[in-house]
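Note sheet for the following structure.
What you see is a predicted model; the values in this text were computed from it and never measured.
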Amino acid sequence: MSTSCVNPHPPMELGIQLRRDVKPGLDEAGVKLFLVSIGTWERSGQFADVTGFPRDCLLADPGSVTYEALGLVKGLQQTFLAKETAFSFLGRLRRPGGMADLKDVMGRWKPWVPPKQDQALQQGGMFVFDGPRCVFSHFDQATGAHADLAGVLGLAQQLGGSLAASAATASMDCGCEEPAQQQQ
């Protein structure tokens with residue numbers, strides 16, 4: 001069983017939330033978490049340094065092969081102009097501590113140009129796999145419109161208790177380089 005979060009140059013605050021709020025529960029359930037990002041293995045190290053997200057759970061997809069295969073949303077409208085972007089930020093503002101992780105990383109954030117220009121407009125998503133079978137999918141419709149992490153954690157923990165742990169989706173042909181390959 002593995003849970004994959006596929007997100008472009010993943011939002012630093014999402015990385016912190018996944019590390020702090022989701023990964024411990026998945027580890028207890030024997031479920032492996034992978035975060036797939038556009039960009040290079042080198043860039044993923046910078047992400048790990050800022051967020052504390054474990055590098056062995058990061059995969060780099062410089063060619064956007066995973067994003068295209070999953071049919072994730074991309075475009076100017078979805079990235080900057082969608083009403084879901086405004087609602088996601090409004091929800092954060094209304095939630096106690098909802099902006100804390102974003103504020104925390106802003107002082108350490110460095111501008112970055114992705115390998116392909118159109119990747120700057122790529123939205124991500126969150127997926128739970130049982131081997132090659134996808135049992136949950138969430139497609140971010142706009143910036144900040146992520147899946148409910150508590151709900152995804154609960155589902156993955158529930159499934160993890162009854163299914164054998166498997167990292168099969170990390171090694172499928174998804175265009176990602178695994179850590180051992182990326183360091184060469």
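- Here the rule is side chain to side chain donor-acceptor pair (under 3.5 Å) with S64, and of Q119, K74, K116 only Q119 fits it.
- Nearest heavy atom pair, residue D140 against residue H146, reads OD2-ND1, 3.0 Å.
- By the side chain to side chain donor-acceptor pair (under 3.5 Å) test, D49 is found to be paired with no residue, residues two or more places apart in sequence or in another chain being considered.
- Summarising the geometry, atom CG belonging to L70 is positioned 7.5 Å from atom SG belonging to C134; distances are rounded to the nearest 0.5 Å.
- In this structure, CG on L81 lies 5.0 Å from CG on L76, to the nearest 0.5 angstrom.
- Listed by chain and number, the residues in a side chain to side chain contact (heavy atoms under 4.5 Å, CB included) with E28 amount to none (sequence neighbours excluded).
- Tested against F127, the residues F139, Y67, F34, F136 include a single ring-ring contact (aromatic ring centres under 6.0 Å, His included) partner, F139.
- Between the side chain of R19 and the main chain of P54, no donor-acceptor pair closer than 3.5 Å is present.
- Side-chain atoms of Q17 do not come within 3.5 Å of backbone N or O of V22 as any donor-acceptor pair.
- Interatomic distance, CD1 of I16 versus CZ of F53, reported as 11.5 Å (0.5 Å rounding).
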Might you work through the side chain to side chain contact (heavy atoms under 4.5 Å, CB included) test for D61 and I38, ending with a clear yes or no? CA-CA 5 Å; D61 182 5; I38 61 170; 5.5 Å; no

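- Shown here for G63 and E68, the closest heavy-atom pair between the two residues is O-OE2, 4.1 Å.
- Cluster annotation: M126 is connected to L155 through the hydrophobic network of ILVMFWY side chains, with a link wherever side-chain heavy atoms come within less than 4.5 Å.
- Under the 4.5 Å side-chain criterion, counting only non-hydrogen atoms from C-beta, L149 is in contact with L14.
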Could you walk me through whether R43 and W41 pass side chain to side chain contact (heavy atoms under 4.5 Å, CB included), step by step? CA-CA 5 Å; R43 178 64 179 165; W41 181 239; over 6 Å; no

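- You'll find the side chain of Q157 stays beyond 4.5 Å of the side chain of V31, heavy atoms only.
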Applying side chain to side chain contact (heavy atoms under 4.5 Å, CB included) to L18 and K23, what does each step give before you reach the verdict? CA-CA 6 Å; L18 288 169; K23 189 169 182 342; over 6 Å; no

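- In this structure, Q123 contributes its side chain and T143 its backbone to a donor-acceptor pair below 3.5 Å.
- Contact of the R133 side chain with the V135 side chain is registered, since non-hydrogen atoms from C-beta on lie closer than 4.5 Å.
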Between L153 and L26, is the side chain to side chain contact (heavy atoms under 4.5 Å, CB included) condition met? List the steps. CA-CA 7 Å; L153 174 61; L26 294 178; 3.7 Å; yes

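- For the atom pair OG of S37 and CG of L58, the computed distance is 8.0 Å after rounding to the nearest 0.5 Å.
- Counting only heavy atoms from C-beta outward, the side chains of D148 and V152 never approach each other to under 4.5 Å.
- Scanning all heavy atoms of the two residues, the minimum distance from G39 to A60 falls at O-CB, 3.3 Å.
- In the hydrophobic clustering of ILVMFWY residues, with side-chain heavy atoms under 4.5 Å counting as a link, V36 and V73 come out apart.
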